[in-house]
Amino acid sequence: DVLTLPNNQQKLRVQLETKHRGGKAATIVLGFIGTDDDIEVLGKKIKVACGTGGSVKDKEIIIQGDNREKELQWILKNGYTQSKKAGG
């Protein structure tokens with residue numbers, strides 16, 4: 001069983017992806033270490049914060065559109081202090 005790391009130990013990466021999405025941009029949050037339930041909850045909270053749709057798949061949180069700045073601000077505000085924007 002995977003234990004979910006505390007927020008301040010998570011090293012989340014926020015990046016933009018346009019490949020394989022029919023030309024539409026999506027913002028991906030990578031690097032979450034924890035249970036499937038916890039990543040689902042985090043994904044829902046980020047979607048609400050961005051006011052947009054998205055999904056959680058293969059340990060990635062996928063949010064529609066380019067919301068890197070908004071997502072990163074929310075993530076940092078919620079205690080994921082080691083997070084940053086990554087390539088893309």
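Small disclaimer: the values here were computed from a predicted structure and weren't measured.
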Check whether any side-chain heavy atom of Gln10 lies under 4.5 Å from a side-chain heavy atom of Thr4, and answer yes or no.
-> yes
Under 4.5 Å between side-chain heavy atoms, hopping through other hydrophobics if needed: is there a path connecting Val29 to Leu76?
-> yes
Do Leu42 and Leu12 touch side chain to side chain, with heavy atoms closer than 4.5 Å?
-> yes
How many angstroms lie between atom CD of Glu60 and atom CD1 of Ile39, to the nearest 0.5 angstrom?
-> 8.5 Å
Gap separating the NZ atom of Lys44 from the OG atom of Ser55, nearest 0.5 angstrom | 11.5 Å
Lys59 atom NZ, over 12 foreign heavy atoms within 6.0 Å | yes
Shortest non-hydrogen contact from Asn67 to Cys50?
-> CB-SG, 3.9 Å
Locate the shortest heavy-atom distance separating Glu69 from Lys85; write the atom from each residue and the value.
-> OE1-NZ, 2.6 Å
For Ala25 and Asp66 the tightest heavy-atom approach is CB-N, 4.4 Å
Any chance you could lay out the side-chain contact (heavy atoms from CB on, under 4.5 Å) test for Lys47 and Ile63, step after step, and finish with the verdict?
-> CA-CA 7 Å; Lys47 279 190 292 195; Ile63 305 294; 3.4 Å; yes
In Å, rounded to the nearest 0.5 Å, how long is the span from CD1 of Ile75 to OG1 of Thr81?
-> 12.0 Å
Rounded to the nearest 0.5 Å, what's the gap from CD1 on Ile46 to CG on Leu72? Could you check?
-> 10.0 Å
Closest heavy-atom contact between Ala26 and Ile62?
-> CB-CG2, 4.0 Å
Knowing that exactly one of Glu17, Glu71, Lys57, Arg13 qualifies, which makes a side chain to side chain contact (heavy atoms under 4.5 Å, CB included) with Ile28?
-> Glu17
So, Asn7 side chain and Asn78 main chain: donor-acceptor pair closer than 3.5 Å or not?
-> yes
Would Trp74 end up clustered with Ile61 when hydrophobic side chains under 4.5 Å apart are linked, directly or stepwise?
-> yes
Lys70 to Ala49 - nearest heavy-atom pair and separation = CD-O, 3.9 Å
